[in-house]
Number of protein chains: 2
Amino acid sequence: MPKTDANHAPFAYDGLDRVIHEKSRLGLMTSLMAHPKGLAFADLKQLCGLTDGNLSRHLQVLQEAGLVEVTKGYEGNRPHTSCRLTKAGRRRFLDYLAVLEGLVRDAAKAAGKEASTLSRLGMLPT
Amino acid sequence: MPKTDANHAPFAYDGLDRVIHEKSRLGLMTSLMAHPKGLAFADLKQLCGLTDGNLSRHLQVLQEAGLVEVTKGYEGNRPHTSCRLTKAGRRRFLDYLAVLEGLVRDAAKAAGKEASTLSRLGMLPT
DNA sequence: TCCGTATACTTTGCGATGCAAAGTGAGGTG
DNA sequence: CACCTCACTTTGCATCGCAAAGTATACGGA
């Protein structure tokens, strides 16, 4: 049971996991989702546009939360860190996404109610 | 122009406005989107499941960012604070939502690639 | 009229967090 | 052996969210 009563607080969205709901970490999770076999530190850095320090920190957080598995090893003779989603990580991310989708739907519906330009949603010229 | 090069950092999502991208504030924005005529302090508090203190703080942030307009007045002889989205607030929230939608799509696509249960995601219309 | 309670917020304090900059260490290269 | 690069980690700080305490006014009895 959620901490806040959904019946009385329909916009609390407390299913939005703090650990996941963070710009950088969202990117990381999505990247890892797209690459179930794992990604290297350097690749993630590129994909998510993060600095070394920040990536390191965020990975640590995700790992401590049990969402990703970080494997430190050596490729040739250089250190090589590889990351992949854990099963729990994948599941929790999907749960998170479901909530997020609900939010987007709520908002879109709200926007549509009296919108002059619903067109913005979904057909934004990126 | 985004700070991070989208060509090389497709998962940076730097369009996710920090002010909006916050659990509580997302709820507030969505609530206000659904009630374009404005909402009272107490209503927002209920809808978003926030304490007085937190609501006050978040509204202040949103107001300073020019996303919401806060009107303090008196209803009868009790203080009555009413909030509504500004035009800019509405626009920026829609922009934010567009990015968010993109993210959900990315993730859903990634999940679908090798997913056993896309069904979890309420069957996103790709 | 005084006291207590309720409403309607605001302010304060602090622990957690994200981010940038500096640090570490192992390889290669001239 | 000095120097640079790669691959991360650690540190420091400034910001932020959150809960608890504070302020102010109104109402309802005794």
Side-chain angles (χ1 to χ4, degrees), chain A residues 2-4 8-9 11-14 16-29 38-65 67-84, chain B residues 2-4 8-9 11-29 31 38-65 67-84:
Chain A
K3 195 163 52 179
T4 51
H8 298 109
F11 297 112
Y13 300 118
D14 55 63
L16 291 183
D17 190 328
R18 276 232 106 76
V19 175
I20 301 179
H21 186 71
E22 171 63 35
K23 226 166 64 138
S24 310
R25 250 123 58 185
L26 265 176
L28 289 175
M29 294 297 280
L39 280 169
F41 189 95
D43 296 341
L44 276 172
K45 185 178 132 181
Q46 274 273 316
L47 285 171
C48 301
L50 290 168
T51 61
D52 289 8
N54 294 337
L55 175 53
S56 181
R57 191 83 172 49
H58 287 306
L59 280 179
Q60 193 184 317
V61 171
L62 289 173
Q63 184 183 23
E64 275 161 13
L67 299 179
V68 308
E69 188 187 25
V70 179
T71 316
K72 288 162 210 262
Y74 278 79
E75 182 114 325
N77 42 14
R78 294 193 153 283
H80 188 261
T81 303
S82 184
C83 316
R84 52 185 306 176
Chain B
K3 196 164 48 181
T4 50
H8 299 109
F11 297 112
Y13 299 118
D14 55 60
L16 291 182
D17 190 328
R18 281 214 147 284
V19 174
I20 301 179
H21 186 70
E22 170 64 35
K23 224 166 67 137
S24 311
R25 252 126 54 187
L26 264 176
L28 289 174
M29 294 296 281
S31 303
L39 280 169
F41 189 95
D43 297 340
L44 276 172
K45 184 178 130 181
Q46 274 272 316
L47 286 171
C48 301
L50 289 168
T51 61
D52 289 10
N54 294 339
L55 175 53
S56 183
R57 191 81 172 51
H58 287 305
L59 280 179
Q60 192 184 317
V61 171
L62 288 173
Q63 184 183 24
E64 275 161 11
L67 300 179
V68 309
E69 187 186 26
V70 179
T71 315
K72 289 161 210 260
Y74 278 81
E75 183 115 322
N77 42 15
R78 292 191 156 283
H80 186 82
T81 302
S82 184
C83 317
R84 52 184 307 176

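Each chain gets a letter, A, B and so on, in the order the sequences are listed, and its residues count up from 1. Note that this is a predicted model, so its numbers are computed, not measured.
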Q: More 5' along DNA chain C: B/A42 or A/V19, using each one's nearest nucleotide?
A: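 Looking at the nearest nucleotide for each, B/A42 comes out on the 5' side.
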Q: Return the value, rounded to whole Å, for the distance between atom CD of B/Q46 and atom P of C/dA8.
A: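 Rounded to whole Å, this separation is 11 Å.
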Q: Looking only at side-chain atoms of A/S24, point me to the closest of D/dG17, C/dC19, D/dC6.
A: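 Selected nucleotide (nearest to the side chain): C/dC19.
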Q: Can you check the B/E22 CD to C/dT17 P distance for me, whole Å?
A: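 To the nearest whole Å, that distance equals 12 Å.
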Q: I'd like to check the side-chain hydrogen bond (donor to acceptor under 3.5 Å, both in side chains) partners of B/E22; sequence neighbours left out, ordered by chain and number.
A: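 By the side-chain hydrogen bond (donor to acceptor under 3.5 Å, both in side chains) rule, B/E22 matches A/R18.
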Q: Quick check against the 3.5 Å criterion: does B/R25 have a side-chain atom that pairs as donor or acceptor with the backbone of B/V19?
A: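 It does hold such a pair.
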Q: Does OP1 or OP2 of D/dC18 have a side-chain N or O of B/H58 closer than 4.0 Å?
A: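 Affirmative; the distance criterion is met.
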Q: Take the protein atom CG of B/L39 and the nucleotide atom P of C/dC9, then report the distance between them rounded to whole Å.
A: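 Rounding to the nearest Å, CG of B/L39 and P of C/dC9 are 13 Å apart.
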Q: What's the CG-C1' distance between A/L50 and C/dA21, to the nearest Å?
A: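 About 16 Å, once rounded to whole Å.
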Q: Could you check whether any side-chain heavy atom of A/C83 comes within less than 4.5 Å of a side-chain heavy atom of A/L39, counting everything from C-beta outward?
A: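 No, side chains not in contact.
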Q: Would you please name every residue forming a side-chain hydrogen bond (donor to acceptor under 3.5 Å, both in side chains) with B/R57, sequence neighbours left out?
A: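 With sequence neighbours excluded, B/R57 shows a side-chain hydrogen bond (donor to acceptor under 3.5 Å, both in side chains) to no residue whatsoever.
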Q: Return no unless some side-chain N or O of B/R18 is found under 4.0 Å from OP1 or OP2 of D/dG17.
A: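 Checking B/R18 against D/dG17: no side-chain N or O falls below 4.0 Å of OP1 or OP2.
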Q: What salt bridge (charged side-chain N to carboxylate O under 4.0 Å, His left out) pairs are there with at least one residue in residues 45-55 of chain A, not counting sequence neighbours?
A: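 Residue pairs passing salt bridge (charged side-chain N to carboxylate O under 4.0 Å, His left out), neighbours aside: A/K45-A/D52.
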Q: N/O contacts under 3.5 Å, protein versus nucleotides 10-13 of chain C?
A:
from: C/dT10; atom 1: OP1; to: B/K72; atom 2: NZ; distance (Å): 2.2
from: C/dT10; atom 1: OP2; to: B/S56; atom 2: OG; distance (Å): 2.7
from: C/dT10; atom 1: O4; to: B/G53; atom 2: N; distance (Å): 3.4

Q: On the nucleotide D/dC8, are OP1 or OP2 found under 4.0 Å from the side-chain N or O atoms that A/R78 carries?
A: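 No, A/R78 has no side-chain N/O under 4.0 Å of OP1/OP2 on D/dC8.
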Q: To the nearest 0.5 angstrom, please state how far the CG atom of B/L55 sits from the CG atom of B/D43.
A: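 Going from the CG atom of B/L55 to the CG atom of B/D43 covers 10.5 Å.
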Q: How far apart are the C-alpha atoms of B/L44 and B/L59, what are their side-chain angles, what is the distance that settles it, and do they pass the side chain to side chain contact (heavy atoms under 4.5 Å, CB included) test?
A: CA-CA 10 Å; B/L44 276 172; B/L59 280 179; 4.2 Å; yes
Q: Distance from A/R84 atom CZ to A/T71 atom OG1, nearest 0.5 Å?
A: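 With rounding to 0.5 Å, CZ (A/R84) is 8.0 Å from OG1 (A/T71).
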Q: Rounded to whole Å, please give me the gap between CD1 in B/I20 and C1' in D/dC16.
A: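 In whole Å, D/dC16 C1' lies 17 Å from B/I20 CD1.
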Q: State which residues pass side-chain hydrogen bond (donor to acceptor under 3.5 Å, both in side chains) with A/N54; sequence neighbours excluded, sorted by chain then number.
A: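 By the side-chain hydrogen bond (donor to acceptor under 3.5 Å, both in side chains) rule, A/N54 matches A/T51.
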Q: Rounded to whole Å, please give me the gap between CG in B/D14 and C1' in C/dG18.
A: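 Taking atom C1' of C/dG18 as the reference, CG of B/D14 is at 16 Å.
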Q: Measure from OH on A/Y74 to P on C/dG28 and round the result to the nearest Å.
A: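 The answer, rounded to whole Å, is 12 Å.
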Q: Expressed as a whole number of angstroms, how long is the span from A/H21:NE2 to D/dC16:C1'?
A: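 In whole Å, D/dC16 C1' lies 13 Å from A/H21 NE2.
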Q: How sharply is the helix from C/dT1-D/dA30 to C/dG30-D/dC1 bent, taking the axes over five pairs at either end and rounding to 10 degrees?
A: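 Result, rounded to 10 degrees: 20°.
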